[in-house]
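One structure is given below, encoded as structure tokens.
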Amino acid sequence: MDVTVLKWIHIISSTVLFGTGLGTAFHGLATNLRGDLRAIVAGNKNVVLADWIFTTPAVIVQPVTGVALAMEEGWPLDTHWILASVALYIFVGACWLPVVWLQMQMARMAEACLESGEALPPRYKRFFWWWFALGWPAFIAMLGIFWLMVDKPQF
């Protein structure tokens with residue numbers, strides 16, 4: 001495949017990954033802090049859906065195009081900035097996987113509460129704060145990956 005096409009796919013998928021993360025974080029935070037259970041149910045459904053439609057494919061495309069680009073450009077896969085990118089990517093995934101589980105649980109709990117007329121349980125609020133807290137290190141790590149991709153430091 002042409003290097004330019006690979007670069008475009010890699011850049012677009014990284015943008016989708018990062019942008020969807022920011023967008024769902026904002027949407028999930030805003031709807032949960034508002035406290036309107038109907039909005040929370042809708043927001044949670046949209047956050048989960050966005051992860052399946054946008055984030056998951058981007059998560060798969062990133063390493064595939066990244067390895068292909070490194071090989072096409074002649075960068076050994078044990079180059080320090082590539083290894084650092086991979087380590088950060090694994091770290092982001094280690095934050096993201098529990099977040100996906102948490103948001104699916106939160107969506108189920110909120111929907112059950114809406115149907116039963118009950119308030120959100122304390123467990124929901126704990127899950128929400130864990131969901132929020134896990135987003136920060138992933139966000140910072142993604143910034144680090146962007147820096148490594150652009151700057152390619154020789155350390």
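Side-chain atoms are counted along with the backbone in the values below, which use heavy atoms only and exclude waters and symmetry mates. What you are looking at is a predicted structure, and each value in this text was computed from that prediction instead of being measured.
Taking all atoms of both residues into account, the shortest heavy-atom contact from Gln62 to Ser14 is NE2-N, 3.2 Å. For Ala58 against Ser13, the heavy-atom pair with the smallest separation is CB-O, 3.5 Å. In terms of heavy-atom proximity, Leu37 sits nearest to Glu118 at CD2-O, 4.0 Å. In plain terms, the two heavy atoms of Ala141 and Val92 that are nearest each other are CB-CG2, 3.5 Å. The minimum heavy-atom distance linking Ala25 with Trp131 is given by the pair O-CH2, 3.6 Å.
Taking the side-chain hydrogen bond (donor to acceptor under 3.5 Å, both in side chains) definition, one finds that Tyr124 meets it with Asn32, Asn44, sequence neighbours left out.
In this pair, Phe128 and Phe132 present their aromatic rings parallel. The plane angle is below 30°, not in the 30 to 60° band. Using cut-offs of 30° and 60° on the angle between ring planes, the pair Phe127 and Trp101 is tilted.
The distance from atom CG of Leu102 to atom CE of Met109, rounded to the nearest 0.5 Å, is 8.0 Å. With values rounded to the nearest 0.5 angstrom, Asn46 atom CG is found 11.5 Å from Gln103 atom CD.
Linking ILVMFWY residues whenever their side-chain heavy atoms come closer than 4.5 Å, directly or via other members, places Leu97 and Met106 in the same cluster. Linking Ile, Leu, Val, Met, Phe, Trp and Tyr residues whenever their side-chain heavy atoms come within less than 4.5 Å leaves Ile82 and Val67 in two separate clusters.
Counting heavy atoms from C-beta outward, Asp36 and Thr31 have side chains that stay 4.5 Å or more apart.
Applying the side-chain contact (heavy atoms from CB on, under 4.5 Å) test between Lys7 and each of Val5, Val3, Ile9 identifies Val3 as the sole match.
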